[in-house]
Each structure stands twice: as C-alpha cells, then as structure tokens.
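Data block below; observations after.
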Amino acid sequence: MKRLILLSILAASMGVAEADDEKQHARGKAVYGKWCLICHGEDNGSSGGGTRALKVLYKGVVPAKLEDRTDMTPEFIKTVVRQGQAGMPNFRYTEISPEDLEAVIAYLRRNNK
C-alpha cells in the first residue's frame, strides 16, 4: 500500500514537473522570439544573419539554427548571451533577465536527452 501511494505521488509530481517544463519552454520561446530569432531564425536573406554566419562557420557539421542544436551547455549559452561573440551583441539584464535567460536555456536545450 505504501509503495502504491509513493508511486502515485511520484507520478503526480512528474506531471507537475512536465507542466513546469512546458511553461518554461513557452517563456523561453517567447524571449527567444523577441531577442534572438531575427538573427538566429531561418536564413531567408532579410533575416537570419547569425544562422547564415554559423552555416559558414560549421560547414554542416553542426546545425546552424540554434533551435536545432543539442550540443550547447547552459554555461556556453549564458556566456554568449551576456558577453556576446563575434558579431553578436551582449544582452543586459534589463533586456534579458536572469529568469528569462534560464527560460531561453531550457527552451534551447529542450531536445537534449
């Protein structure tokens, strides 16, 4: 009986965790859409300059579109967002809050297993 109760509690908490993950991913996607997508979206000639630059840099070895990547660590994402890199500007806390940055990290790492 205790085992059944414990399993029920564990299953319920996993459902809550999944709902929290979905909220975090939705928040991260919204922040990414506001600040990052203009450069890191599809390379369509008028936008996607970051994606275009990463295509040249990675030569197809690594996906150029950040949303397709599975190799970025939270530390790497934080560093690049806060310090910038190459032609990418840095983003201040007033632009991307620490909580929003955590949400972007969760969103970009959603495909990591």
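What you see below is based on every heavy atom in this structure, not just the backbone, and it leaves out hydrogens, waters and symmetry mates.
- Linking Ile, Leu, Val, Met, Phe, Trp and Tyr whenever their side-chain heavy atoms come within less than 4.5 Å puts Val61 and Phe76 in one cluster.
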Name the atoms and distances for all side-chain donor-acceptor pairs under 3.5 Å in residues 28-38, with sequence neighbours left out.
unit_1: Tyr32; atom_1: OH; unit_2: His40; atom_2: O; d: 3.3
unit_1: Trp35; atom_1: NE1; unit_2: Glu95; atom_2: O; d: 3.2

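- Put simply, NZ on Lys65 and OG1 on Thr51 are 7.5 Å apart, with the number rounded to the nearest 0.5 Å.
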_Would Val62 and Asp71 count as a side chain to side chain contact (heavy atoms under 4.5 Å, CB included) here? Give the steps._
CA-CA 9 Å; Val62 175; Asp71 64 321; 4.0 Å; yes
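- Scanning both residues, Leu66 and Leu108, for their nearest heavy atoms gives O-CD2, 3.9 Å.
- Of all heavy-atom pairs spanning Asn90 and Gln83, the tightest one is CB-C, 3.5 Å.
- In this structure the side chain of Val81 never reaches within 4.5 angstrom of the side chain of Val104, judged on heavy atoms.
- Among residue pairs with one or both ends in residues 72-83, those qualifying as salt bridge (charged side-chain N to carboxylate O under 4.0 Å, His left out) are Lys78-Glu102; sequence neighbours excluded.
- A heavy-atom distance below 4.5 Å is not found between the side chains of Arg69 and Arg109.
- Residues Ala64 and Leu54 approach most closely at O-CD1, 3.4 Å, considering heavy atoms.
- Contact check for Tyr107 versus Glu67: side-chain heavy atoms found under the 4.5 Å cut-off.
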